[in-house]
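Here is how names work: the chains are called A, B, and so on, in the same order as the sequence lines, proteins then strands, and each is numbered from 1.
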Protein chains: 2
Amino acid sequence: MTTTLDFEQMLRGAALRVTRPRVAVLSAVHALSHADTEAIIGVARQDLPKVSHQAVYDSLNALAAAGLVRRIQPPGSVARYEARVGDNHHHVVCRSCGRIADVDCAVGHAPCLTASDDAGFTIDEAEVIYWGYCFDCSPEGKT
Amino acid sequence: MTTTLDFEQMLRGAALRVTRPRVAVLSAVHALSHADTEAIIGVARQDLPKVSHQAVYDSLNALAAAGLVRRIQPPGSVARYEARVGDNHHHVVCRSCGRIADVDCAVGHAPCLTASDDAGFTIDEAEVIYWGYCFDCSPEGKT
DNA sequence: TCCATTTTTTGGAATGAGTCAAGAATATGG
DNA sequence: CCATATTCTTGACTCATTCCAAAAAATGGA
């Protein structure tokens, strides 16, 4: 498993100060998958009962800016965070229940798609969200 | 140009009641590109000065559910609406200024991508958001 | 054309994720 | 161990969006 020391080293490696809220938040993101801020606050408070929600927001922003966690914001949902970074994977979202699952990117590096016409933009990443229904919510799954 | 009658027919064609707020909102979305709700309210009130913001929200929801407009929710931005529907095009978002531009989909029909592993989901659409910098914000553009 | 029914709009209040700000606490480098 | 800069706490606040009940309007049939 990943220990507190590992998280501290991850923080130092990203030139971030090692604080207890940051360690707790980083640990929480690793323990959960696609968690929203509220869930992260809950888990972080198991370790550190008095962290303020503001500290969690600040930590998440710092961790996301440093690339230690990835922020995903599926339309119709609050911001979510995940620990898988660097492999440019994508997500599939259930239209019915909102469940999110990971989908590996066939290309593996960003940008994994080339736009047909970039409208003058310099594109460095292509984010793909697949929409559909998870097994439990799919019409076939209900028969 | 598109006339009020055209918009009324679009509403009837979608089995929606023809109301003045809906016509004004549909017209506003056609007149703007990637407009947020506030801008739509402003333009709709040029035709119909007393529409409530709630009526605009309801109209946008009804139009989006009927497929007459498309709702896009870029992370870090409020909901935006556009009139181009049915051609499965994508968007490029500027990381710096938030500007949005259309990018035609090379495939043209949904889903335009096949997931490598669908995690048990039934996928019907692949939404692509390209991230980068627009010409005005790009490092090259500033030299 | 007019009425009754159903749907939509109004207006105001409420929700809730996220942000702002000032002072207190803490991590870091020397 | 100290000085300094960063981070955390606390609490109030913003603002897009939603909820609610009453009033208004659109539609289909007479």
Asks: Taking side chain to side chain contact (heavy atoms under 4.5 Å, CB included) as the test, write out the residues that go with B:Thr4, two or more places apart.
Replies: B:Glu8, B:Val23
Asks: Does the side chain of B:Tyr130 reach to within under 4.5 Å of the side chain of A:Glu127, using non-hydrogen atoms?
Replies: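 The answer is no, as the side chains (C-beta and beyond) never meet within the 4.5 Å cut-off.
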Asks: For DNA chain D, what residues of residues 63-75 of chain A have any heavy atom nearer than 4.0 Å?
Replies: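 Heavy-atom contacts with DNA chain D come from no residue of residues 63-75 of chain A; none.
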Asks: Please enumerate all residues that pass side chain to side chain contact (heavy atoms under 4.5 Å, CB included) together with A:Ser33, with sequence neighbours excluded.
Replies: none
Asks: Begin with the C-alpha distance, continue with both residues' side-chain angles, and end with the deciding distance and a verdict on salt bridge (charged side-chain N to carboxylate O under 4.0 Å, His left out) for B:Arg71 and B:Glu82.
Replies: CA-CA 7 Å; B:Arg71 166 192 277 130; B:Glu82 66 181 354; over 6 Å; no
Asks: Between the two end axes of the helix from C:dT1-D:dA30 to C:dG30-D:dC1, each built from 5 base pairs, what angle do you get to the nearest 10°?
Replies: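 The end-segment axes of the helix from C:dT1-D:dA30 to C:dG30-D:dC1 are tilted 50° relative to each other.
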Asks: For DNA chain D, find the residues of residues 46-62 of chain A with a heavy-atom distance under 4.0 Å and give them by number; none if there aren't any.
Replies: A:Lys50, A:Val51, A:Ser52, A:Gln54, A:Ala55
Asks: Nearest 0.5 Å please: distance from the OH atom of A:Tyr81 over to the CG atom of A:Leu32.
Replies: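 One finds 13.5 Å between OH of A:Tyr81 and CG of A:Leu32.
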Asks: Where along residues 7-24 of chain A does a heavy atom come under 4.0 Å from DNA chain D, residue by residue in number order?
Replies: A:Arg17, A:Thr19, A:Pro21, A:Arg22
Asks: When you compare the side chain of A:Thr37 with that of A:Val78, does any pair of heavy atoms fall below 4.5 Å?
Replies: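 Result no, sub-4.5 Å side-chain heavy-atom pair not found.
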Asks: May I ask you to test the B:Asp136-B:Arg99 pair for a side-chain heavy-atom distance under 4.5 Å?
Replies: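 Answer yes - side chains close enough.
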Asks: Under 4.0 Å from a heavy atom of chain B: give me the 5'-most and 3'-most nucleotides of DNA chain D that qualify.
Replies: D:dA16 to D:dT27
Asks: Assess whether a salt bridge exists between B:Arg20 and B:Asp47, defined as any Lys/Arg side-chain N lying under 4.0 Å from an Asp/Glu carboxylate O.
Replies: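 No salt bridge links B:Arg20 with B:Asp47.
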Asks: Residues in side chain to side chain contact (heavy atoms under 4.5 Å, CB included) with B:Ala14, at least two apart?
Replies: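 Partners of B:Ala14 under the side chain to side chain contact (heavy atoms under 4.5 Å, CB included) test: B:Leu16, B:Ala66, B:Leu68.
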Asks: Of all the heavy-atom pairs spanning A:Ala119 and B:Ala101, show the shortest one and how long it is.
Replies: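 That would be CB-CB, 3.9 Å.
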Asks: Let me confirm one number: the CZ-OG1 distance from B:Phe135 to A:Thr122, rounded to the nearest 0.5 Å.
Replies: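 If I round to the nearest 0.5 Å, the distance is 9.0 Å.
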Asks: If we only count heavy atoms from C-beta on, is the B:Pro21 to B:Val56 side-chain gap below 4.5 Å?
Replies: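 No, their side chains stay 4.5 Å or more apart.
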Asks: Do B:Glu38 and B:Arg80 sit within salt-bridge range, that is, some charged N less than 4.0 Å from a carboxylate O?
Replies: no
Asks: Run the salt bridge (charged side-chain N to carboxylate O under 4.0 Å, His left out) test against B:Asp102 and tell me which residues pass, sequence neighbours left out.
Replies: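 For B:Asp102, the residues satisfying salt bridge (charged side-chain N to carboxylate O under 4.0 Å, His left out) (neighbours in sequence not counted) are B:Arg84.
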Asks: Taking ring pair (Phe, Tyr, Trp, His ring centres under 6.0 Å) as the test, write out the residues that go with A:His91, two or more places apart.
Replies: A:His34, A:His89
Asks: Extract, from 5' to 3' on DNA chain C, the first and final nucleotides lying under 4.0 angstrom from some heavy atom of chain A.
Replies: C:dA17 to C:dT28
Asks: Using a strict threshold of under 4.0 Å (side-chain N to carboxylate O), is an ion pair present between A:Arg22 and A:Asp58?
Replies: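 Salt bridge between A:Asp58 and A:Arg22, a charged N being under 4.0 Å from a carboxylate O: no.
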Asks: Please enumerate all residues that pass side chain to side chain contact (heavy atoms under 4.5 Å, CB included) together with B:Ala64, with sequence neighbours excluded.
Replies: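 For B:Ala64 the side chain to side chain contact (heavy atoms under 4.5 Å, CB included) partners, ignoring immediate neighbours, are B:Val69.
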